Enquirer: 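A single structure is presented below for examination.
Everything numeric here is computed off the predicted structure, so don't read it as measured data.
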Amino acid sequence: MNTVARGPEFMVARAEGVWLWDASGDRYLDGTASLWYCNVGHGRTEIADAVHRQISTLDAYTVYGDFSNGPAVELSERLAAHAPVADPRVILTSGGGEAIETAAKLARRYWAVTGQPGRTHLISRTSGYHGLHGFGTSISGMDRFRHGYGRVVEDTSVVPHDSAAALEAEILRVGPERVAAYFAEPVIGAGGVYPPREDYFTEVARICRKYGVLFVVDSVICGFARLGNWFGIERFGVSPDMVVFAKGVSSGYLPLGGIVVGGHVADPFYNGEGNAFLHGTTYAGHPTACAAAMANLDILEREDLFTVSLEVERHLDVALQGLASHPLVAEVRSGVGVMGAVELTEEALSGRGITTAEVFAEARARGVIVRAIPTSLLVSPPLVITWEQIDHLVSTLSAALDAVAARH
């Protein structure tokens, strides 16, 4: 709010492919796909046409109770067919934050209706990000998003993101009979781009099975080809109990999210007498949003962006690693998914007083948009980015680092 008050605002006027234009007509490379979501790039007329057709026929209607609509059913069936979850069922929402709320409530409610109401505790990882709704705020792995609001949701805790042993120790500390679910991103995204250690998820899945803890994968950032597959977690060879999705499912053209639920979790509500799951969102199953998602998935498959993204990943990794020798850079994290982080040194941040916001501003002034978090610059471009555009992104970020270094 303070940034807006100081002004002026950065007014985005239009977008096409990997490019944005501001209200003055200046062009910028979108190095973040907005907020990790515009996987197929901006301005795809196929999606606009699908939205027009659907909104002209059935714009919107609730899917509460036994109400439904064709696009919602078709999208759910399509997602279920690719989900790494046994006997999948799909619950749709308006976005990732709502989907996390749904998964967290469903996990607790599942244990309540199956005779273990004491299982309410939720465990997540340091640096993990799960949106900023009530449950998402409470299981955030970043202190800055939790502090200052009082108690939001209780019975939560956070463990180191790179230690399966720490997860097991925390389950034992809390008591397995009290733990409902464990939440994890395939690759930590907004918290700093941290790929998992080798065999991490294999071990995590084993631990969750051992203690009967529901394993919930947050694929909001990692899904829909950003890791070269449908939901990201397939890359690590495990099958969770629930998968949360959003962002790339529609490439952000209209807000949409949801969860894929394993049949064993859904069964007590479908077949258990009186086991209601009293939860829902107004725009869940919105037919026009679902039509946009279907057109987006058509592009992902027709252009084989699942394969293309792996090639983009490799080129982005090579280009970003070239920044590792820069005097301001402590570490470059990339190579798993079309995403990366450039971490600044402690000496630069604390010793010289450099901020990532300065680097962000310098890059934007040079026509490239990246994302700044307290110690890192993050990139996650659209999957349709070319090699030349990747090189432009990284060389511009390098120039921005040079400019900031020269001032300090």
Enquirer: Do the side chains of Arg44 and Glu303 get close enough for a salt bridge, i.e. N-O under 4.0 angstrom?
Expert: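 Counted as a salt bridge, because a side-chain N and a carboxylate O are separated by less than 4.0 Å.
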
Enquirer: Is the closest basic N to carboxylate O distance between Asp162 and Arg125 below 4.0 Å?
Expert: no

Enquirer: Taking ring-ring contact (aromatic ring centres under 6.0 Å, His included) as the cut-off, I'd like each qualifying pair that reaches into residues 378-399, sequence neighbours left out, listed once.
Expert: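 Every ring-ring contact (aromatic ring centres under 6.0 Å, His included) pair that includes a residue of residues 378-399, provided the two are not neighbours, is His315-Trp387.
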
Enquirer: Would you give me the side-chain donor-acceptor pairs under 3.5 Å for residues 327-338, sequence neighbours excluded?
Expert:
residue	atom	partner	partner atom	Å
Glu331	OE1	Arg333	NH1	2.9
Arg333	NE	Gly192	O	3.0
Arg333	NE	Val193	O	3.1
Arg333	NH1	Glu343	OE1	3.2
Arg333	NH2	Gly192	O	2.9
Arg333	NH2	Glu343	OE1	2.9
Arg333	NH2	Ser376	OG	3.4
Ser334	OG	Asp317	OD1	2.6
Ser334	OG	Gln321	NE2	3.1

Enquirer: What pairs with Phe245 under ring-ring contact (aromatic ring centres under 6.0 Å, His included), at least two apart in sequence or on another chain?
Expert: none

Enquirer: Sequence neighbours excluded, which residues qualify as ring-ring contact (aromatic ring centres under 6.0 Å, His included) partners of Phe67?
Expert: Tyr61

Enquirer: Under 4.0 Å between a Lys/Arg side-chain N and an Asp/Glu carboxylate O for Glu98 and Lys105?
Expert: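 Here Glu98 does not pair with Lys105 in a salt bridge, since their nearest N and O are not under 4.0 Å apart.
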
Enquirer: Could you give me the CA-CA distance, side-chain angles and deciding distance for Glu313 and Arg235, then say whether salt bridge (Lys or Arg N to Asp or Glu O under 4.0 Å) is met?
Expert: CA-CA 14 Å; Glu313 171 190 307; Arg235 188 150 173 172; 2.8 Å; yes

Enquirer: Using the rule given for side-chain contact (heavy atoms from CB on, under 4.5 Å), can you reason through Thr156 versus Ile123, listing the C-alpha separation, both sets of side-chain angles and the distance that settles it, and then say yes or no?
Expert: CA-CA 6 Å; Thr156 68; Ile123 302 175; over 6 Å; no

Enquirer: Around atom OH of Tyr64, are there more than 12 heavy atoms of other residues, nucleotides or ligands at under 6.0 Å?
Expert: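 Correct, the count exceeds 12.
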
Enquirer: Is it true that Glu168 and Lys210 have a side-chain N and a carboxylate O under 4.0 angstrom from each other?
Expert: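 Judged by the 4.0 Å cut-off on N to carboxylate O distance, Glu168 and Lys210 do form a salt bridge.
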
Enquirer: Please list, chain by chain and in numerical order, all residues satisfying side chain to side chain contact (heavy atoms under 4.5 Å, CB included) with Pro374, sequence neighbours excluded.
Expert: Arg144

Enquirer: Contact between Lys247 and Leu35 at the side-chain level, heavy atoms closer than 4.5 Å - yes or no?
Expert: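 Yes. Closest side-chain heavy atoms under 4.5 Å.
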
Enquirer: Report the C-alpha distance between His121 and Tyr182 in whole Å, list the side-chain angles of each, state the deciding distance to 0.1 Å, and finish with yes or no for side-chain contact (heavy atoms from CB on, under 4.5 Å).
Expert: CA-CA 9 Å; His121 196 91; Tyr182 173 60; over 6 Å; no

Enquirer: List the steps and the verdict of salt bridge (Lys or Arg N to Asp or Glu O under 4.0 Å) for Arg78 and Asp298.
Expert: CA-CA 11 Å; Arg78 189 170 184 176; Asp298 286 345; 2.9 Å; yes

Enquirer: Taking Glu203 first and then Arg197, would you say they form a salt bridge - that is, a charged N and a carboxylate O separated by under 4.0 Å?
Expert: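 Looking at Arg197 together with Glu203, the answer is no, because their closest N to O distance does not fall below 4.0 Å.
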
Enquirer: In terms of heavy-atom contacts, does NE2 of His408 have more than 12 from other residues, nucleotides or ligands at under 6.0 Å?
Expert: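 Check passes, neighbour count above 12.
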
Enquirer: Does Phe10 have Arg364 sitting over its ring (NZ/CZ under 6.0 Å from centre, angle to axis within 45°)?
Expert: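 Flagged: Arg364 positioned over aromatic ring of Phe10.
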
Enquirer: Sequence neighbours left out, what pairs pass ring-ring contact (aromatic ring centres under 6.0 Å, His included) with at least one residue falling in residues 193-234?
Expert: His82-Trp230, His161-Tyr194, Phe201-Phe236, Phe224-Phe231, Trp230-Phe306

Enquirer: Are the side chain of Ser251 and the backbone N or O of Asn296 linked by a donor-acceptor pair below 3.5 Å?
Expert: no

Enquirer: Decide if atom CD of Glu46 counts as having more than 12 heavy atoms of other residues, nucleotides or ligands within a radius under 6.0 Å.
Expert: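 Enclosed.
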
Enquirer: Would the number of heavy atoms belonging to other residues, nucleotides or ligands and lying under 6.0 Å from OH of Tyr283 be above 12?
Expert: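 12 or below, so no.
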
Enquirer: Before giving the answer on salt bridge (Lys or Arg N to Asp or Glu O under 4.0 Å), spell out for Arg407 and Glu358 the whole-Å C-alpha distance, their side-chain angles and the decisive distance to 0.1 Å.
Expert: CA-CA 10 Å; Arg407 285 205 301 269; Glu358 289 180 86; 3.4 Å; yes

Enquirer: Side chain of Asp199, backbone of Thr202: donor and acceptor closer than 3.5 Å?
Expert: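 Side chain of Asp199 to backbone of Thr202, a donor-acceptor pair under 3.5 Å: no, none is there.
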
Enquirer: Is there a side-chain contact between Cys290 and Leu92 (heavy atoms, below 4.5 Å)?
Expert: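 Side-chain contact under 4.5 Å: yes.
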
Enquirer: Would you say the side-chain atoms of Glu362 pair up with the backbone N or O of Arg366, donor to acceptor, closer than 3.5 Å?
Expert: no

Enquirer: Would you say the side chain of Val265 lies within less than 4.5 Å of the side chain of Leu214, judging by non-hydrogen atoms?
Expert: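 A side-chain contact exists here, since the closest heavy-atom pair is under 4.5 Å.
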
Enquirer: Just so I know, are the side chains of Thr102 and His279 near enough to count as touching, which here means a heavy-atom distance under 4.5 Å?
Expert: yes

